[in-house]
Amino acid sequence: MPVFGSRRALHWLVPAVAAAVVIGGGATAGTIVARADSALPPRSAAQLLADLRDAEVDGVSGTIVQSADLGLPGVASLARGVGKRGTGGAADLAGLLTGTSTIRVWFAGPDRQRLALLNAHGETDLIRNGAEAWLWNSTDRMASHLTLPDTPLGTGAALASIDPATAVSTGGVTEVAGRDAYELVLRPRDPASLIGRVNLAVDAEHHIPLRVDVYPKNAARPAMRVAFQQISFAVPDREQFVFKPPPGTTITEGNDHTALPVASVLGAGWTSVLTARLPDPDGRRRVFAGTLVSVLVTADGRFYAGAVTPARLEESAKL
């Protein structure tokens with residue numbers, strides 16, 4: 001299913017490690033409360049999966065808080081270095097690998113979406129309005145403009161990882177951003193995956209994910225948590241998706257910018273590996289082994305990352 005192919009496109013809000021995306025650490029601990037006294041009727045795992053598959057919304061806006069502790073500080077520095085050679089937005093996006101980030105979200109159908117990653121110095125916006133897309137970094141006053149093809153952006157959804165390789169169960173009920181939700185638990189059966197489980201909080205009324213927690217194997221705390229802190233299901237105003245470059249903005253058109261390397265995916269499901277070729281390789285071979293993700297950078301600048309062991313990445317690099 002195309003990510004932006006229908007009003008079911010709220011699946012794109014699920015961050016993808018192999019299934020991933022909504023709360024950050026102790027600062028928002030009060031947003032989610034386990035509930036033993038809920039009046040919600042019970043729902044099975046199969047029913048919750050059907051709810052997610054069939055969910056349709058006309059609009060969503062809100063604030064997401066994301067936190068990550070992947071044990072990979074070196075990779076975050078590497079990603080920021082890549083971003084500095086392109087637009088500032090890439091460097092800001094690298095901050096999602098570690099620490100806590102706040103993201104504003106607007107969704108108004110298959111051709112209007114906006115994300116705003118906020119930081120202490122400004123924000124990085126990704127805006128789609130029909131056939132136009134903009135990546136804007138307010139700190140560097142740089143913007144990349146792209147005219148989109150007729151086909152939707154990207155394909156697939158996080159829930160595509162749910163297959164016979166995934167054990168699915170329920171985890172009771174909870175509350176996210178003041179809304180009742182059911183918990184759905186996904187566990188990889190593949191022993192090569194570093195992911196122990198993914199917990200999704202599914203909105204009881206609209207059936208979209210309000211929170212995703214990703215746990216490493218044998219861990220009591222998630223290494224990545226993404227959750228709505230505030231959410232509205234009203235359709236955002238069209239003006240939210242109109243970008244007018246401020247005076248003094250440096251604009252690049254089409255593929256003129258080199259902020260992000262082109263990536264591809266090897267394999268499928270929980271043990272898939274993301275690969276790309278980094279600009280300006282420095283001739284060093286590096287391996288980063290985190291709690292949830294491993295990264296391999298070869299001497300010639302090839303980059304491999306996945307929720308798998310470094311040994312599995314070495315195998316992928318030989319393909």
Side-chain angles (χ1 to χ4, degrees), residues 15-18 20 66 68-99 101 115 117 119 124 126 133-137 139-140 142-146 148-149 153-156 192-195 214 216 223-224 250-319:
V17 177
Q66 183 258 0
D69 182 9
L70 307 182
L72 293 170
V75 171
S77 298
L78 175 66
R80 289 188 179 93
V82 172
K84 289 175 183 177
R85 290 190 290 271
T87 65
D92 289 342
L93 294 175
L96 296 174
L97 298 175
T98 182
S101 302
L115 300 175
L117 174 61
N119 57 48
T124 297
L126 178 61
W134 289 91
L135 177 62
W136 155 248
N137 179 260
T139 305
D140 297 337
M142 298 179 69
S144 296
H145 178 231
L146 180 68
L148 301 176
L153 284 177
T155 58
S193 175
L194 295 180
I195 297 175
V214 186
M224 177 178 286
T250 301
I251 300 175
T252 57
E253 293 287 343
N255 295 322
D256 293 340
H257 63 88
T258 57
L260 296 173
V262 177
S264 58
V265 177
L266 303 176
W270 298 102
T271 56
S272 60
V273 173
L274 179 74
T275 181
R277 186 172 291 277
L278 301 178
D280 305 325
D282 59 11
R284 290 187 296 162
R285 183 181 180 86
R286 284 163 287 179
V287 179
F288 304 89
T291 56
L292 190 65
V293 176
S294 298
V295 174
L296 167 65
V297 180
T298 64
D300 60 355
R302 288 177 295 149
F303 174 92
Y304 298 87
V308 295
T309 62
R312 177 61 68 91
L313 295 183
E314 296 282 2
E315 293 174 9
S316 299
K318 296 176 182 178
L319 297 178

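- Closest approach of L70 to A223, counting heavy atoms only: CD2-O, 3.9 Å.
- Residues W136 and A143 approach most closely at CE3-CB, 4.0 Å, considering heavy atoms.
- Here the straight-line distance linking atom CD of E314 with atom OG1 of T309 works out to 9.5 Å at 0.5 Å rounding.
- Between the CG atom in L146 and the CD atom in E253 there is a gap of 9.0 Å [rounded to 0.5 Å].
- The shortest heavy-atom contact between G306 and L313 is N-CD2, 4.1 Å.
- Scanning all heavy atoms of the two residues, the minimum distance from R286 to R284 falls at NH1-NH2, 3.4 Å.
- With values rounded to the nearest 0.5 angstrom, W134 atom CH2 is found 12.5 Å from L126 atom CG.
- A side-chain donor-acceptor contact under 3.5 Å links R277 to the backbone of D300.
- Ion pairing between a basic and an acidic side chain is recognised when a charged N comes within 4.0 Å of a carboxylate O; E315 and R312 show such pairing.
- The main-chain N or O of F303 is found under 3.5 Å from a side-chain atom of T275 such that the two form a donor-acceptor pair.
- Rounding to the nearest 0.5 Å gives a distance of 9.0 Å between CG of L115 and CG of L117.
- Residues M142 and T252 fail the side-chain proximity criterion, which asks for heavy atoms closer than 4.5 Å.
- Across D140, N137, T139, a single residue satisfies side chain to side chain donor-acceptor pair (under 3.5 Å) together with T124, and that is N137.
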message = I'd like to know whether S294 forms a side chain to side chain contact (heavy atoms under 4.5 Å, CB included) with L194, so could you lay out the CA-CA distance, the side-chain angles of the two residues, the decisive distance to 0.1 Å, and finally the verdict.
response = CA-CA 9 Å; S294 298; L194 295 180; 3.8 Å; yes
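- In plain terms, the two heavy atoms of T271 and S193 that are nearest each other are CG2-N, 3.9 Å.
- A distance of 9.5 Å separates CD1 of I251 from OG of S144, quoted to the nearest 0.5 Å.
- With rounding to the nearest 0.5 Å, the separation of CE in M224 from CG in D69 is 10.5 Å.
- Counting all heavy atoms, side chain and backbone alike, P310 lies closest to A289 at CG-CB, 3.8 Å.
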request  = Mind running side chain to side chain contact (heavy atoms under 4.5 Å, CB included) on F288 and V293 for me, showing each step along the way?
outcome  = CA-CA 8 Å; F288 304 89; V293 176; over 6 Å; no
